[in-house]
Amino acid sequence: MSESQVHGIFEKFMSQESLFQDKKVLQSSYTPEALLHRDEEINQLAKILAPALRMERPSNVFLYGKTGTGKTVTATYTTSEIKKIAEQKNIPIKIIYINCKLSRVADTEYRVIAQLAREFEKEIPATGLPTDEVYKIFFRSVDSKEQLIILILDEIDQLVKKVGDEIMYNLTRININLKQSQLSLIGISNDLVFTDHLDPRVKSSLSEEEVIFPPYNAIQSQDILRRRAGYAFKENVIEAGVIEKCAAYAAREHGDARRALELLRVAGEIAERNGERQVKIDHIDYAEEKIERDRVVDIVKTQPKQQQTTLYSIFSLYNDKNAVIYTGDVYDVYKTHCTKVGLYPLTQRRVSDIIAELDMLGIINAKVVSKGRFGRTREISVAIPQTIKPKIMTILQQSLSLE
DNA sequence: CGAGATTCATGTGAAGTATACCTTTAGGCTTAA
DNA sequence: AAGCCTAAAGGTATACTTCACATGAATCTCGTA
């Protein structure tokens with residue numbers, strides 16, 4: 001491709017009018033000025049957190065609700081309002097937000113605490129320090145001056161499921177030793193029965209207060225989408241029915257507003273890239289596939305080699321008509337792939353764990369079943385649409401430099 | 001025929017190992033008085 | 001003598017291995033109707 005051709009693309013892009021007015025309004029990290037249909041929850045949370053402004057420690061709160069019901073925005077919105085007031089009145093309040101999703105950043109006790117300490121601009125190495133030491137560093141930072149800290153732990157069900165509730169126990173007890181400062185926890189969980197697996201002591205101190213988030217219904221979803229679309233897009237860019245379709249999609253997914261907004265954004269991007277003047281209903285279908293594909297591609301790409309090889313083995317076995325496959329089969333194929341890739345094969349014990357991890361990531365389904373006389377194993381099936389599987393396969397092949 | 005024993009293939013927990021990285025400490029060298 | 005650098009010692013988290021035992025329903029066994 002010559003330079004002038006590239007130039008042409010940029011020229012065309014610049015001359016073409018954007019469909020968006022302000023795209024970041026549709027991004028999931030965006031906290032809107034006003035939240036629709038969450039007044040009740042915001043009020044509850046605000047009442048619980050209000051003592052902070054008098055430098056009294058608010059109760060720990062637990063926010064429950066399915067994905068995309070506004071838990072995270074409600075928490076960030078309410079706390080940022082508190083922060084605003086606190087700044088005006090010179091009240092030392094610090095808000096820390098940590099997402100514990102299995103992101104390799106915060107998926108063990110050590111890494112979460114290290115992440116917390118980093119919020120205070122402390123350098124924490126990836127390994128080498130005792131966990132206790134990192135706790136102390138964090139603790140000293142918190143207690144270094146008089147202040148009130150509100151710690152938001154998003155998706156903590158994932159974390160606790162993986163590494164147990166010790167962190168929670170330690171964090172809930174931290175106030176006992178704090179001299180100058182105080183710390184409140186806001187836990188956010190998608191899993192409604194998550195606290196059942198917690199140590200009763202942790203459970204009682206963690207959920208001193210609870211706020212439940214019901215799903216949005218179709219009309220509420222439409223409201224939210226309309227409002228945001230109004231800010232995000234230019235006028236008359238959205239074809240009639242598009243909003244309704246996105247909302248319907250959200251309703252299908254138990255009122256998941258986050259996905260609905262994402263759908264709208266990606267549909268807009270697709271329309272823009274195709275050089276069209278309007279976002280059409282068709283674009284939503286493309287967007288739906290693209291979102292799923294991007295999600296899976298992202299997960300797969302960031303996995304370590306061993307996990308990728310295991311996944312590749314599962315995928316290549318799964319070719320034949322959705323027959324379920326078993327751990328033993330996967331392991332055999334995995335070993336041959338390892339030699340091809342030049343990877344040292346792990347033991348079956350470890351591969352078994354890796355399969356369980358891949359299940360947690362939602363790329364495959366793995367269920368332990370007893371087949372009676374024929375032993376016990378995991379029934380494994382692929383949990384991504386057939387349409388995007390070939391794409392994932394090629395990504396894995398490239399990453400593993402296989403043919 | 002049916003209750004209880006057996007069996008299979010792997011799940012699962014605990015303990016041990018290798019690796020990469022951390023802090024502390026002791027020794028050796030340099031430097032300034 | 002004080003200060004600084006370096007390398008060894010001792011410690012940790014993480015990913016993995018090794019070992020040993022747990023699982024749980026299909027199948028087998030054997031006593032009984």
Side-chain angles (χ1 to χ4, degrees), chain A residues 98 100-141 158-171 197-199 299-314 317-318 323-339 341-383 399-400:
Chain A
I98 298 251
C100 317
K101 215 186 336 201
L102 310 176
S103 54
R104 308 238 153 234
V105 184
D107 64 350
T108 68
E109 182 179 12
Y110 180 90
R111 298 213 254 248
V112 171
I113 306 302
Q115 196 61 35
L116 286 175
R118 286 191 197 107
E119 291 290 322
F120 289 89
E121 269 116 55
K122 294 279 189 289
E123 294 281 323
I124 307 292
T127 167
L129 286 188
T131 307
D132 282 4
E133 195 57 38
V134 185
Y135 266 110
K136 274 185 205 148
I137 294 172
F138 171 62
F139 183 83
R140 270 199 296 273
S141 311
Q158 302 264 341
L159 178 67
V160 172
K161 232 176 258 167
K162 184 146 189 236
V163 293
D165 51 14
E166 195 148 330
I167 315 165
M168 295 290 97
Y169 183 67
N170 290 329
L171 282 177
H197 312 295
L198 280 177
D199 185 313
I299 295 174
V300 168
K301 269 189 177 164
T302 53
Q303 286 303 302
K305 286 270 184 288
Q306 293 289 359
Q307 274 78 343
Q308 289 184 346
T309 313
T310 312
L311 192 59
Y312 185 72
S313 308
I314 293 169
L317 266 176
Y318 197 65
V324 284
I325 50 180
Y326 304 112
T327 309
D329 308 339
V330 173
Y331 187 64
D332 291 342
V333 178
Y334 160 83
K335 271 193 294 193
T336 65
H337 282 316
C338 274
T339 48
V341 179
L343 218 55
Y344 189 78
L346 303 174
T347 53
Q348 183 158 345
R349 175 74 185 81
R350 179 60 188 147
V351 172
S352 173
D353 280 349
I354 289 177
I355 291 172
E357 283 170 32
L358 291 172
D359 176 45
M360 290 267 279
L361 288 167
I363 300 177
I364 61 171
N365 290 317
K367 199 174 82 193
V368 188
V369 291
S370 177
K371 299 187 66 62
R373 184 66 207 282
F374 307 105
R376 225 162 100 89
T377 183
R378 280 199 173 86
E379 271 183 4
I380 303 162
S381 61
V382 173
S399 168
L400 299 167

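Just so we're on the same page: letters track the sequence lines, and every chain starts at 1.
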Nucleotides 17-22 of chain B: which of its N/O atoms have a protein N/O under 3.5 Å away?
none

Original post:
Could you state the interatomic distance from OG1 (A/T327) to CD (A/E379), rounded to the nearest 0.5 Å?
Top reply: 10.0 Å
Original post:
Starting at OH of A/Y344 and ending at C1' of C/dA15, how long is that distance when rounded to a whole Å?
Top reply: 14 Å
**OP:** Work out which heavy atom in A/L311 is nearest to a heavy atom in A/V300; give both atom names and the distance.
**Re:** CD2-CG2, 3.8 Å
**OP:** Report the distance from atom CD of A/Q306 to atom C1' of C/dT17, rounded to the nearest whole Å.
**Re:** 13 Å
Original post:
Where is the tightest heavy-atom contact between A/S141 and A/F120, given as atom of each residue plus distance?
Top reply: CB-CG, 3.6 Å
Original post:
With respect to the phosphate group of B/dG11, does any side-chain polar atom (N or O) of A/S352 fall under 4.0 Å of OP1 or OP2?
Top reply: yes
**OP:** Measure from CD on A/E379 to C1' on B/dG11 and round the result to the nearest Å.
**Re:** 14 Å
Original post:
Where do A/T310 and A/I355 come nearest, in terms of heavy atoms and distance?
Top reply: CG2-CG1, 4.0 Å
**OP:** State, yes or no, whether a side-chain contact exists between A/I137 and A/L129 at a heavy-atom distance under 4.5 Å.
**Re:** yes
Subject >> Pair A/K136 + A/D132: basic N to acidic O under 4.0 Å >> reply: no
Using atom names, set out every protein N or O paired with an N or O of nucleotides 19-27 of chain C below 3.5 Å, distance rounded to 0.1 Å.
unit_1 : atom_1 : unit_2 : atom_2 : d
C/dT23 : O2     : A/R376 : NE     : 2.9
C/dG24 : N2     : A/G372 : O      : 2.9
C/dG24 : N3     : A/S370 : OG     : 3.3
C/dA26 : O4'    : A/R373 : N      : 3.1

Identify each atom pair where a protein N or O and an N or O of nucleotides 1-5 of chain B are less than 3.5 Å apart, giving names and distance.
none

**OP:** Of all the heavy-atom pairs spanning A/C100 and A/Q158, show the shortest one and how long it is.
**Re:** O-CB, 4.3 Å
Original post:
Could you give the CG-to-P distance, from A/D329 to B/dA9, as a whole number of Å?
Top reply: 12 Å
Original post:
Could you give the distance from CD (A/E357) to CG (A/L361), rounded to the nearest 0.5 Å?
Top reply: 7.5 Å
**OP:** Starting from P on C/dC16, measure out to CD on A/Q348 and report it in whole angstrom.
**Re:** 16 Å
Subject >> Spacing of CG belonging to A/L159 relative to NZ belonging to A/K161, to within rounding of 0.5 Å >> reply: 11.0 Å
Original post:
If you round to the nearest 0.5 Å, how far is CG of A/L346 from OH of A/Y344?
Top reply: 9.0 Å
**OP:** Please report, rounded to the nearest Å, how far the C1' atom of C/dT17 is from the CG atom of A/L346.
**Re:** 9 Å
Original post:
Below 4.0 angstrom from OP1 or OP2 of B/dG11, is there any side-chain N or O of A/T327?
Top reply: yes
Subject >> Residue A/R111, side-chain atoms from C-beta onward, closest of B/dG11, C/dT17, C/dA15 >> reply: C/dA15
Subject >> Heavy-atom closest contact (A/S352 atom, A/R378 atom, distance) >> reply: OG-NH1, 3.0 Å
Subject >> Atom-pair distance (CZ on A/R350; C1' on B/dT12), nearest Å >> reply: 14 Å
Subject >> Atom pair distance, as rounded to whole Å: CD1 in A/I354 and C1' in C/dA15 >> reply: 9 Å
